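Owing to the predicted nature of the structure, the values given are computational and were not obtained by experimental measurement. Hydrogens, waters and symmetry mates play no part in the numbers below; they use all other heavy atoms, side chains included. Labels below follow one simple rule: chain letters A, B, ... track the order of the sequence lines, proteins then strands, and each chain is numbered from 1.
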Amino acid sequence: MDSQTVTRFPPSPSGYLHLGGARTALFNWLYARHTGGRFVLRVEDTDVSRSTKESVAAILEALEWLGIDWDEGPYFQSQRFDVYKAYINRLLASGNAYYCTCSAERLEKVRQEAMQSGGKPKYDGNCREKGLEWREGAVVRFKAPLTGTTLVSDRIRGHIAFDNTELDDFIIQRSDGTPTYNLAVVVDDITMNINTIIRGDDHLNNTPKQIQLYEALGCEVPCFAHVPMVLGPDKTRLSKRHGAMSVTAYRDMGYHPEAMVNYLVRLGWSHGDQEFFTRDELVEKFNLEHVGRSAGVFDQEKLLALNAEHIRAASNEALAERLIPFLSEKGIEAAPGDYLYDVIETIKNRSKTFVEMAEAAAFYFVEHVTYEEKAASKFLKPAILAPLKEITEALEQTEGLDQETLEPIFQRVMDAHGLKLGKIAQPMRVALTGKTFSPGIFEMIRVLGKAAVVSRLKDAIGYIESHHLTIS
RNA sequence: GUCCCCAUCGUCUAGCCCGGUCCAGGACACUGGCCUUUCACGCCAGCGACAGGGGUUCAAAUCCCCUUGGGGACGCCA
């Protein structure tokens, strides 16, 4: 008997991996890693009509991006029908299940009546004692206990008692012979030795049914931990209505997976006042004790802030790797190397996403700068012509481009014209980047290099001269 | 309708289990200021919450009950 923790993540491949699912996956993965246990990936595709290969691929891709790896699987329920069949037969043989031939119409009527009389819409047990044999179109129902209570012991919620009269004889095998969710999960969790089930609390109501199944099968009930759900800003369950909610959509919007992981885990779990966590720290500190009990609203603003923080904290090399695809998206082919790293160093504090970072980096990679209209008209004016020329000449002469070398040059020009740095920095900025905001002048000069700076300065001088000659 | 869960700033949360150290702490957002060659970053300050009502107690955000509010589940989906 091994006491190792075994958790699992069982996505249903009927769409992409959304934020709530990602968080559940993360909790399970983190808990397994934290305890030195195993993490199993299982694809729940018993509903063949809704499951697609594309969804499976999308989910795996999202997990990979998040850095979630698994020790076993992915298993596919669709390939395990014979296993479920065996367990269903066991239940049938032990008298814990029976065939039911009630029509959909009858079932619907029974539900309506139950609702009407102020009760829960559940099956009335019509076929329960009929001792029916199999026949075309029959389903198999679980013969649930009629009296007593089923106790759920939850790591997060404590003990929850369900009155068995609230539960009914749910279907475990459809008329087409395939197993239903509750049966399949239980059988899988048993056969895969899953002993810790961490999932959304929308499954809390399924838990007593599943416990009854474990008991009927004579198997040990695993440990449950129902985590609160993730809600949209309107406080309802996260859905397509809330805009981007696929994990990969955030990747494409320029989010760092470490930030996504940090945010998702922190939404529902806490470690005192700490907000920023690296993946390793999460593995080290994550536990079930500090998972909260109330649902949390997904806050994109906070994710964004955290993303900026993770970008600032990352190394230029690591950032470069993630930035390159966003650069190519803009038609910029940059390779890892000192130039890129230096570029990143100047913009990492000003970028909240990789999309922003690519935008901020663009000017470093163009031959000729394109001026923003307002920027040019405001700063590239004749008054600045002489200072710009002097700086250009001085730069052409100079060797080093470090701040100690640059400052005296600027100082001399400033003194000569009675200008403050601000007066000269803005035109310079426009000349070098085309915009009115950018990294610091001195750092840009150093990164761009003498040739590029001089060339851009000359472009700007030419621009001013041509505009003013024609106008005046 | 029935059952289950939940309830601290706008949002994420610390504190609650083991009542007093909490006229409630942190973060995001917002506002103001500092720094300053722009934009950021950073720093400082401000705004802002124990859902309501009853108990228990010398003392309750913390324990109990009720109300209200929110969420979820009731399917031959998962």
Rounded to the nearest Å, what distance is computed from the [atom1] atom of residue [X] to the [atom2] atom of nucleotide [N]?
X        : N     : atom1 : atom2 : answer
A:Glu309 : B:C12 : CD    : C1'   : 14 Å
A:Asp176 : B:G75 : CG    : P     : 18 Å
A:Ile441 : B:C39 : CD1   : C1'   : 12 Å
A:Leu319 : B:C41 : CG    : C1'   : 15 Å
A:Asn205 : B:A78 : CG    : C1'   : 14 Å
A:Lys120 : B:G1  : NZ    : C1'   : 11 Å
A:Glu301 : B:C28 : CD    : P     : 12 Å

Base partner of [N], which must satisfy Watson-Crick or wobble distances under 3.5 Å:
N     : result
B:A29 : none
B:A59 : none
B:U21 : none

Inset, instruction - Look at A:Lys302 together with A:Glu309 and state whether they make a salt bridge at an N to O cut-off of under 4.0 Å. - result: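 No, A:Lys302 and A:Glu309 are not salt-bridged.
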
Legend entry - NZ/NE/NH1/NH2 to OD/OE distance under 4.0 Å, A:Arg157 and A:Asp201: yes

Inset, instruction - Nearest-nucleotide wise, let me know which of A:Pro179 and A:Ala305 is further upstream toward the 5' end of RNA chain B. - result: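 So the residue in question is A:Ala305.
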
Legend entry - Earlier contact from the 5' end, RNA chain B, for A:Gly137 and A:Pro439: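 So the residue in question is A:Pro439.
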
Inset, instruction - Please confirm whether A:Arg141 makes a cation-pi placement over A:Tyr123, using NZ or CZ under 6.0 Å from the six-membered ring centre and within 45° of the ring normal. - result: yes

Inset, instruction - Remember a base hit wins even if backbone is also touched, and classify A:Leu204 as base, sugar-phosphate or nothing at under 4.0 Å, heavy atoms. - result: sugar-phosphate

Inset, instruction - Using a 4.0 Å heavy-atom cut-off across all strands, classify A:Gly422 as base, sugar-phosphate, or nothing. - result: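 Touches sugar-phosphate only.
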
Inset, instruction - For this output row, return yes or no: ring centroids of A:Phe142 and A:Tyr98 closer than 6.0 angstrom. - result: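 No, the ring of A:Phe142 stays outside the 6.0 Å limit from the ring of A:Tyr98, centre to centre.
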
Inset, instruction - Enter the distance from A:His310:NE2 to A:Arg312:CZ here, rounded to the nearest 0.5 Å. - result: 10.5 Å

Legend entry - Any A:Arg312 side-chain N or O less than 4.0 Å from OP1/OP2 of B:G42: yes

Legend entry - Any A:Arg293 side-chain nitrogen or oxygen under 4.0 Å from OP1 or OP2 of B:G72: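 For B:G72, OP1/OP2 do not have a side-chain N/O of A:Arg293 under 4.0 Å.
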
Inset, instruction - Could you tell me whether the side chain of A:Asn206 has a donor or acceptor atom within less than 3.5 Å of a complementary atom in the base of B:A78? - result: yes

